[in-house]
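Some notes on the structure that comes next.
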Amino acid sequence: MALLVLGLGAFGNAQAQWRVVDNAANTKLQDVNTRLGTTSANGNGNGTVNGNLRELYQQQVFESFNGSNEDSKAAPEPEEKLQHAQPTKSGVNMNADNRCKQATSGIAQQQYQLCREIVNTELAKYNYSLKMYEVTTQRQRYLDELKRQRGSIQSHEVGKLQDNTNRILLLMSQMEIDRQQQQTYMDAYVARIGYLQEASKTLAQQALEGKGDSEGGLGGVIGGAVGIATLKIALEAAQSTRRRN
């Protein structure tokens with residue numbers, strides 16, 4: 001009996017000591033929970049960890065998306081709609097066949113080839129600009145859709161928010177690449193047209209000087225015309241001299 005009483009006493013002391021330790025742990029846990037916070041989805045941070053994280057999250061989500069808002073809507077459509085391969089709507093066909101006079105030999109043939117390249121490059125520049133405009137319009141529509149999706153993301157859907165953010169960043173990067181590509185091609189088109197025009201001018205100058213054309217092409221024609229004009233002036237001068245005498 002004595003041993004039983006001593007044993008119960010010892011068990012009571014141990015239980016009392018555990019309760020003291022358990023109360024201390026509970027106090028610590030309660031302090032941690034208070035610092036972490038239990039702010040509701042619509043509440044504010046109140047200085048707690050969870051509350052501040054939720055506020056930070058909500059700052060990244062659009063409350064709503066209005067496609068007609070002046071601050072976020074796309075640029076207006078051009079007033080004059082353009083068509084691929086049709087720079088003019090008048091029905092006048094000014095392609096390479098009509099703008100370039102065909103020749104078969106000499107400098108005239110070379111100028112004919114350069115003329116076709118100039119016309120085709122101008123049309124390619126025009127068509128590429130329209131194509132890039134269409135791509136930009138598609139990118140804008142996709143961006144608007146991402147904005148609408150972001151506005152409907154709930155406060156607890158962190159994964160969806162990150163996915164939406166990644167898509168927007170990827171789209172912005174692609175749009176910048178598109179812009180640089182378009183600018184590069186436009187510069188290249190302009191440089192090519194300028195080069196071809198200068199080459200054509202050089203050939204014309206050579207034709208006027210009677211160079212580089214031994215097959216009776218443009219150089220021979222121009223050279224002959226210049227010779228006839230010179231001869232006519234000389235004859236008129238000679239006749240005038242005889243009259244004075």
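- A donor-acceptor contact shorter than 3.5 Å links the side chain of Thr202 to the backbone of Glu198.
- Here the side chain of Gln111 pairs a donor or acceptor atom with the backbone of Ser200 at under 3.5 angstrom.
- With rounding to the nearest 0.5 Å, the separation of CD in Gln205 from CD1 in Ile107 is 10.5 Å.
- Here the straight-line distance linking atom SG of Cys100 with atom CE of Met94 works out to 10.5 Å at 0.5 Å rounding.
- In this structure, Tyr128 places its OH atom where more than 12 heavy-atom neighbours from other residues, nucleotides or ligands lie under 6.0 Å away.
- Salt bridge Glu122/Arg99: present, at least one basic N to carboxylate O contact under 4.0 Å.
- Side chains of Asn164 and Lys160 form no contact here, defined as non-hydrogen atoms less than 4.5 Å apart.
- Separation of atoms CZ (Arg179) and OG1 (Thr184) is listed at 9.0 Å; rounding is to 0.5 Å.
- Expressed to the nearest 0.5 Å, how far OH of Tyr185 lies from NZ of Lys125 amounts to 15.0 Å.
- Not one N or O on the side chain of Asn127 forms a donor-acceptor pair closer than 3.5 Å with the backbone of His84.
- A donor-acceptor pair is defined here as one N or O able to donate and one able to accept, closer than 3.5 Å; no such pair exists between the side chain of Asn120 and the backbone of Ala96.
- Between Leu203 and Leu114 there is a side-chain heavy-atom pair separated by less than 4.5 Å.
- More than 12 non-hydrogen atoms from other residues, nucleotides or ligands lie less than 6.0 angstrom from NZ of Lys89.
- Looking only at side-chain heavy atoms (C-beta outward), Glu145 and Gln149 come within less than 4.5 Å of each other.
- For the pair Arg116/Asp97, a side-chain contact is recorded, criterion being any heavy-atom separation below 4.5 Å from C-beta on.
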Exercise for the section: Any chance you could lay out the side chain to side chain contact (heavy atoms under 4.5 Å, CB included) test for Thr136 and Asp178, step after step, and finish with the verdict? Expected result: CA-CA 8 Å; Thr136 302; Asp178 293 341; 5.9 Å; no

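- One N or O on the side chain of Glu157 and one on the backbone of Gln154 form a donor-acceptor pair closer than 3.5 Å.
- Contact of the Asp144 side chain with the Arg148 side chain is registered, since non-hydrogen atoms from C-beta on lie closer than 4.5 Å.
- Atom OG in Ser129 sits 5.5 Å away from atom CD in Gln182 (nearest 0.5 Å).
- In this structure, Asp163 pairs ionically with Arg167, as a charged nitrogen and a carboxylate oxygen lie closer than 4.0 Å.
- Under the 4.5 Å side-chain criterion, counting only non-hydrogen atoms from C-beta, Ile118 is not in contact with Arg192.
- To the nearest 0.5 Å, atoms CD (Gln83) and OG1 (Thr88) are separated by 12.0 Å.
- The closest side-chain heavy-atom distance from Tyr126 to Leu82 is below 4.5 Å.
- Linking Ile, Leu, Val, Met, Phe, Trp and Tyr whenever their side-chain heavy atoms come within less than 4.5 Å puts Met172 and Met175 in one cluster.
- Although no hydrogens or angles enter the test, the distance criterion places a donor-acceptor pair under 3.5 Å between the side chain of Asn95 and the main chain of Asn98.
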Handout entry: Check against side-chain hydrogen bond (donor to acceptor under 3.5 Å, both in side chains), Gln180 and Glu176
Key = CA-CA 6 Å; Gln180 293 183 8; Glu176 177 60 22; 2.9 Å; yes

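- Annotation: side chain of Arg150 is in contact with side chain of Ile168 (closest heavy-atom distance under 4.5 Å).
- More than 12 heavy atoms of other residues, nucleotides or ligands sit less than 6.0 Å from atom OH of Tyr133.
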